[in-house]
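Before any comments, here is the structure.
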There are 2 protein chains.
Amino acid sequence: MIPGEGCCSTPMVAEPVSEPDAVAFAQTFKALSDPVRLRLLSLIAARAGAEVCVCDLLDAFAQTAPTISHHLKVLRDAGLITGERRASWVYYRVVPSALAELSQLLDASAMTAAADA
Amino acid sequence: MIPGEGCCSTPMVAEPVSEPDAVAFAQTFKALSDPVRLRLLSLIAARAGAEVCVCDLLDAFAQTAPTISHHLKVLRDAGLITGERRASWVYYRVVPSALAELSQLLDASAMTAAADA
DNA sequence: CGTCGAGTTTGACACTTGTCGAATCCGATG
DNA sequence: CATCGGATTCGACAAGTGTCAAACTCGACG
């Protein structure tokens, strides 16, 4: 094939995410890829820096307690929230920096792509 | 239980995402929850408004053409990219507004949560 | 110390998803 | 019109995921 014509020109690619980074980010996005988890995160984030008790969250869902607990674990493992046991109850809060990092990644991609020549 | 003590106080919840919205956003995040798709999107977005031919993308992955095509379809169905056939080749470009919307959602949650009292 | 209640872990099961090979579609070109 | 090559679709299968019931852990409280 003659270079520079047809497709497959422009071999230079600006700055795509590296493969290891892609794996890490994908894992985090996977934690957000469930409606229950998104609403959980939203409910926790809505508390403006304060904490949310699990018992508060259970009322908002049709799912059983084990299921909610499972989803909270997924969010915790992804580093999006942290949980702390105090007295009989467990309180969760979000990790703002984790959300901000994802936001910036998407924003950067949007900006780069929107830079229409 | 006595209201106002222990856990389960503060019944008001600021402004969580609605359940239908959660389903829609979760579906979009699911499209981002795979390393291959994340790198595909990144490679396409890195072209700064220009297009990328599928044949360019294939070289960057160990996966076969059908697999890459499948992932491109997922990204397309999620509204994150658009594809256009011209001559023998298919060219893809990202939809900046879709990425921006997700970015804002995460940023808003991060901001709300970071508003530490 | 026995019990109770909040929350998590375990085990099981239906369903979804990433992957590939084979077949198909669709322009272009001879 | 036959053929070729790029890209997608189809069919199948292993691996992963959401869900629940049952069992377990851990403080608190009587």
Side-chain angles (χ1 to χ4, degrees), chain A residues 1-2 5-9 19 22-23 25-41 43-44 51-78 81-93, chain B residues 1-3 5-9 19 22-23 26-41 43-44 51-78 81-93:
Chain A
M1 174 194 301
I2 302 158
E5 63 103 48
C7 89
C8 304
S9 46
E19 209 274 346
V23 173
F25 277 122
Q27 219 155 6
T28 311
F29 280 126
K30 187 175 295 182
L32 296 175
S33 70
D34 182 278
V36 174
R37 287 198 290 270
L38 262 188
R39 285 180 57 216
L40 278 171
L41 186 68
L43 286 169
I44 299 173
E51 309 159 316
V52 183
C53 170
V54 174
C55 55
D56 271 341
L57 298 170
L58 289 177
D59 303 342
F61 297 89
Q63 280 79 2
T64 64
T67 299
I68 299 300
S69 192
H70 162 67
H71 285 308
L72 286 171
K73 177 174 169 52
V74 172
L75 289 172
R76 221 183 322 134
D77 289 348
I81 62 175
T82 58
E84 184 192 352
R85 178 173 209 119
R86 228 161 38 239
S88 287
W89 300 285
V90 175
Y91 298 90
Y92 281 99
R93 61 176 63 206
Chain B
M1 172 194 304
I2 302 158
E5 66 102 43
C7 89
C8 304
S9 47
E19 208 274 346
V23 173
Q27 217 157 7
T28 311
F29 280 126
K30 187 175 294 182
L32 297 173
S33 70
D34 182 278
V36 173
R37 286 199 291 270
L38 219 47
R39 285 180 59 215
L40 277 171
L41 187 68
L43 285 170
I44 299 173
E51 308 159 316
V52 183
C53 171
V54 175
C55 57
D56 270 341
L57 298 171
L58 289 178
D59 302 343
F61 296 89
Q63 280 77 4
T64 64
T67 298
I68 299 301
S69 193
H70 162 67
H71 286 308
L72 287 171
K73 177 174 169 51
V74 172
L75 289 172
R76 221 185 321 136
D77 290 348
I81 62 176
T82 59
E84 185 192 351
R85 178 175 208 115
R86 229 161 37 237
S88 287
W89 301 285
V90 175
Y91 298 90
Y92 282 98
R93 62 175 63 204

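Below, read A as the first sequence line, B as the second, and so on, with proteins coming before strands; counting in each chain starts at 1. Excluded from the calculations below are hydrogen atoms, water molecules and symmetry mates; all remaining heavy atoms, backbone and side chain alike, are included.
Summary for the helix from C:dC1-D:dG30 to C:dG30-D:dC1: the axes at its two ends, each from 5 pairs, differ by 10° when rounded to the nearest 10 degrees.
Between A:Val36 and A:Phe61 the shortest side-chain heavy-atom distance falls below 4.5 Å. Between A:Phe29 and B:Thr28, the closest side-chain pair of non-hydrogen atoms is not below 4.5 Å. Looking only at side-chain heavy atoms (C-beta outward), B:Leu58 and B:Thr64 stay at 4.5 Å or farther from each other.
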Carefully, step by step, assess B:Val52 and B:Ile81 under the rule side chain to side chain contact (heavy atoms under 4.5 Å, CB included). CA-CA 11 Å; B:Val52 183; B:Ile81 62 176; over 6 Å; no

Step-by-step side chain to side chain contact (heavy atoms under 4.5 Å, CB included) determination, B:Lys30 to A:Lys30: CA-CA 6 Å; B:Lys30 187 175 294 182; A:Lys30 187 175 295 182; over 6 Å; no

Would you sort out whether A:Arg37 and A:Leu41 count as a side chain to side chain contact (heavy atoms under 4.5 Å, CB included), showing the intermediate values? CA-CA 6 Å; A:Arg37 287 198 290 270; A:Leu41 186 68; over 6 Å; no

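With rounding to whole Å, B:Ile68 atom CD1 is found 16 Å from D:dG6 atom P. Between the P atom of D:dT9 and the CG atom of B:Asp77 lies a distance of 9 Å, rounded to the nearest Å. Taking atom OH on B:Tyr91 and atom P on C:dG27, their separation rounds to 15 Å, with Å as the unit. Rounded to an integer number of Å, the gap from CG of A:Asp59 to C1' of C:dG7 is 14 Å. Between the CH2 atom of A:Trp89 and the P atom of C:dG5 there is a distance of 13 Å, rounded to whole Å. Atom pair B:Leu72:CG and D:dT9:C1' shows a separation of 14 Å (rounding to whole Å applied). Distance, B:Lys73 NZ to D:dG6 P: 23 Å, rounded to whole Å.
Note that the CG atom of B:Leu32 and the CG atom of B:Leu40 stand 11.5 Å from one another [nearest 0.5 Å]. The structure places CG of A:Leu57 at 12.5 Å from CD of A:Gln63, a figure rounded to the nearest 0.5 Å.
When only modelled atom types and interatomic distance are considered, A:Tyr92 and A:Arg76 share a side-chain donor-acceptor pair under 3.5 Å.
Residue contacts shown for B:Tyr92 are limited to sugar-phosphate atoms, with no base heavy atom under 4.0 Å away.
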Short N/O separations, protein against nucleotides 17-22 of chain C, under 3.5 angstrom:
from, atom 1, to, atom 2, distance (Å)
C:dG18, OP1, B:Arg37, NH1, 3.4
C:dG18, OP1, B:Arg37, NH2, 2.9
C:dG18, OP2, B:Arg37, NH1, 3.4
C:dT19, OP1, B:Gln63, NE2, 3.2
C:dT19, OP2, B:His71, NE2, 2.4
C:dC20, OP2, B:Thr64, N, 3.0
C:dC20, OP2, B:Thr64, OG1, 3.3
C:dC20, OP2, B:Thr67, OG1, 2.8

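In this structure a side-chain-to-backbone donor-acceptor pair under 3.5 Å is missing from B:Arg85 to B:Val90.
Less than 4.0 Å separates DNA chain D from at least one heavy atom of each of the following residues of residues 81-88 of chain A: A:Arg85, A:Ala87, A:Ser88.
Between A:Glu84 and A:Arg93 no salt bridge is recorded (no basic side-chain N to carboxylate O distance below 4.0 Å).
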